[in-house]
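Please read the structure below before turning to the comments.
Everything quoted here is computed from the prediction, not taken from an experiment. Residue numbers start from 1 in every chain, and the chains themselves are labelled A, B, ... in the order their sequence lines are given, proteins ahead of strands.
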Amino acid sequence: MKLILHIWRQKSRESPGKMARYEVSNVNEHMSFLEMLDVLNEELIARNEDPVAFDHDCREGICGSCGFMINGVAHGPQRGTTVCQLHMRHFKEGQALWLEPWRAKAFPVLKDLMVDRSAFDRIIAAGGYISVNTGGAPEANALPVDKQKADLAMDAAQCIGCGACVAACPNASAALFTSAKISHLAHMPQGQPERRRRALSMVARMQAELFGACTNHGECEAVCPKGIELENIARMNREFTKAAWARRDEVAGSGRRRLLPRSFP
Amino acid sequence: MKLDARIPSGPIEQKWDRAKFEMKLVNPANKRKYGVIVVGTGLAGASAAASLGELGYDVDAFCYQDSPRRAHSIAAQGGINAAKNYPNDGDSVFRLFYDTVKGGDFRSREANVYRLAQLSANIIDQCVAQGVPFAREYGGLLANRSFGGAQVSRTFYARGQTGQQLLLGAYQALERQVKDGRVRMFPRHEMLELVVIEGRARGIVTRDLVSGEIEGHAADAVILATGGYGNVFYLSTNAKGCNTTATWRAYKKGAAFANPCFTQIHPTCIPVSGEYQSKLTLMSESLRNDGRIWVPKQRGDTRPPHQISEDERDYYLERIYPAFGNLSPRDIASRAAKRVCDEGRGVGPGGRGVYLDFADVIRRLGRTTITERYGNLFEMYERITGEDPYAVPMRIFPAAHYTMGGLWVDYHLMSTLPGLFVLGEANFSDHGANRLGASALMQGLADGYFVISYTLGHFLAGGKAGDGVTADHPEFRSARRGVEDRLQRLLSLQGNRSVDSFHRELGHWMWEDCGMARNRQGLESALEKIRALREAYWKSVKVTGEEQAINQALEKAGRVADFLELGELICRDALEREESCGAHFREEYQTTEGEALRNDQKFAHVAAWEYAGENAPPIRNVEALEFEYVHLAQRSYK
Ligand SMILES: Cc1cc2nc3c(=O)[nH]c(=O)nc-3n(C[C@H](O)[C@H](O)[C@H](O)COP(=O)(O)OP(=O)(O)OC[C@H]3O[C@@H](n4cnc5c(N)ncnc54)[C@H](O)[C@@H]3O)c2cc1C
Ligand code: FES
């Protein structure tokens, strides 16, 4: 199979980028998309050209390293699939594909298809955890957890932090990512003591990182390789609002103070 | 070289308590004066960095990915062992200890393994407290399943993503320390050299993978938690970036490398589909709880599986190992698969595959239950192969997966270089010649959460904080220069072969001559081929791009250069170990039934290799292993 690739080439964060056209032949239908790019890169190296940079590691759809736009869709045409797990049998002979990096102000392009997603780590650092130090944890079965709750927590916890949700969102919002962690921990009894504080500080961090606001387009859910549901965003909003009422002082820094009723003590 | 394992005295069940009591402590107010470097943020590294930060040490943590959350531990699927005995099926600390020593074919250190089994229960407590969403029963308590090499259910899991959930727990704890300013995180930084000053590990040299800058980082102790070296086989279940660079650099600076030939081939992976293949995908061992492994009885039978009737099938694991059946340990299951394929009974393209069949269990328990247990694995299989495993049996074949060998460490997890500690898959410690399923996650977290915090304190308390060694020290300067020269050399060769083509060739020789079965002749020829390949590499490898920028080709080039040296040490170790044990199967040494035949008289020891310089063969040092609690016996899973 032969393909025409138009790939975003950008040397560094500072330099301007542009699309470049390549042809790859010898594409086997059993190859993954990244293996197809490996073939292209081998050819580029043979021609003394700079290979295309893209993040990847596990190639099993779990580390969240990989990801770029294929014809305007984050991770390409196959639902619930990262590009490393996308196989070439889903493409046609002679097809033209446009590959571009995630585009968002909070994710600056570092090179070609590679972006800086460190904002995600900072959102987690803002409160995406349960504050227990090592040692001194109580016996695991001392705290039964409703199976249904544990399953819901697991559904949300499956997020791989790839950033497709941000790339797909017209507002470049990180609401799906942030809400997945807030939901995971809010479902667990262990997450209760810090529940309110967590919602406030993670949302505040998300806004400070230049992600846009969520206006319920739902594009994020459509492209999420792990099927993280939109419902999480609704839960985050509820968690945030409840927390904001209860802890009005702490919200001051988050930029959402104006949303609160003035008469509230 | 002197190998003192520093095993505490006393009965095995008291050793760890005794050691903890005897260890020196660092005054809480002084901890922040000690700088500690942690390389790697997998289960071992993230848990160590977080725990040390909590204690108050000044920690710098490094990983090559763009976020610590992406370390390769994230890919672990099946589960984590712990001797909780929740199912009331006869488990205990002693049984987990016993299974691990036996599973490792009596090539691990009893005291370390016992401690691991003791700590296993604390790990589950810790992870549950962090909010890890483990699978639960309807009553709200934790669920368990079985893994290979055990007859009890002691494996805790979070669907098919246990590693992911455990790592996210550790990562979140780490990010909490980052926020509190106790840990400085350096993602996209690759360690390229270890710095040793006056015989002590004092820091590392890294390359910033974005700017290309070569930097020195000084500390009072260095912890390597950089994972395994399975990628020496090129095709493996490891992530593409997994490498030996950190451990290999440490080896060349004086840390002994133990049992490098103990490499595990996992029986259930998706078979290779073509030349372009860049990695292999594991299908978790947990599938062997419910799947049945078979091949046709007849050679060269190419009929589709549904046309092969029950009595024409050979469920060979159930037949040969009735007691453990499909849950036989990995080394045994892998070799059995190789044997039936060598007999011409393999299935799929090239006859390199066996069936893993779920028809029976789907009939018995229904599709929903199976989806709940393994849904994501089935999906992954279908995505990769285009076949529906609910309808047709999976095709699987063994693949390189895990490395039991690694840097030698004592009971304190310190290498032969003072101040250099090694945790997780990067060390050699607990799994002997074969690791049991769901035990790597356990070991990584035991090392990182519960062992290092004590042993590091003991080491640091013995010295003095703040002796003024900084990254400007002449040793750092010369190490930086060494790294730069090497990178420049790689870039300037401008040869005609890509890095990948060399890596692929190395992997091919390793797999053929030093894979599931080894023999003298093959190993000797592999040694020659690898040497020649390495020479060719340094003449004709082609690395494009520049040093002061993102350059993935250059990153790979450095890693493959190190694999080319390690490959030779692996073959040498395999050659010198004239016995079969666990995953190390020398064809010359087998029982009449084709099982591994150990030679305890000559080889009940750890081989710890010492680097002796560019032009001298490495020195093989020996740590004798004593078995006081589990008696040396031939393993039997029949
Ligand atoms: C597909 C798969 C499934 C598995 N399933 C299970 C399972 O179900 N149960 C089980 O117990 N075990 C399982 N294992 C094994 C287990 O996952 C690993 O042994 C374990 O996670 C290793 O953890 P680690 O912390 O030692 O290293 P890793 O998680 O590999 O982390 C290594 C870290 O070191 C960093 N690093 C490496 N080199 C450098 C360098 N030069 N410079 C800077 N940083 C560096 C990396 O960035 C990374 O952060 C599985 C393994 C695989 C491959
Ligand atoms: S490379 Fe890990 S998710 Fe794609």
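Scanning both residues, B:Asp66 and B:Pro187, for their nearest heavy atoms gives O-CB, 3.5 Å.
Options B:Asn122, B:Thr385, B:Asn496 differ in how many heavy-atom pairs under 4.5 Å they form with chain A, and the most are formed by B:Thr385. The choice from B:Arg69, B:Met380, B:His72 that makes the most heavy-atom pairs within less than 4.5 Å of chain A is B:Arg69.
Contact residues of residues 31-39 of chain A toward chain B are A:Met31, A:Glu35, A:Asp38 (heavy-atom distance under 4.5 Å).
In this structure, B:Lys279 contributes its side chain and B:Thr237 its backbone to a donor-acceptor pair below 3.5 Å. Remark: the backbone N or O of A:Asp151 is paired with a side-chain donor or acceptor of B:Arg159 at under 3.5 angstrom.
The closest side-chain donor-acceptor pair between A:Asn232 and A:Ser183 falls under 3.5 angstrom.
With contacts defined as side-chain heavy-atom distances shorter than 4.5 Å, the pair A:Asp55/B:Arg188 qualifies.
At a 4.5 Å heavy-atom cutoff, A:Val27 makes no contact with chain B through either its backbone or its side chain. In this structure, the portion of B:Tyr86 lying under 4.5 Å from any heavy atom of chain A is its side chain and not its backbone. Looking at A:Arg89, only its side chain comes within 4.5 Å of chain B, counting heavy atoms on both sides.
Remark: B:Lys20 pairs with B:Asp17 by the salt bridge (Lys or Arg N to Asp or Glu O under 4.0 Å) rule, at least two apart or across chains.
In this structure, A:Arg117 is not positioned above the aromatic face of A:Phe177 in the sense of NZ or CZ being under 6.0 Å from the six-membered ring centre and within 45° of the axis.
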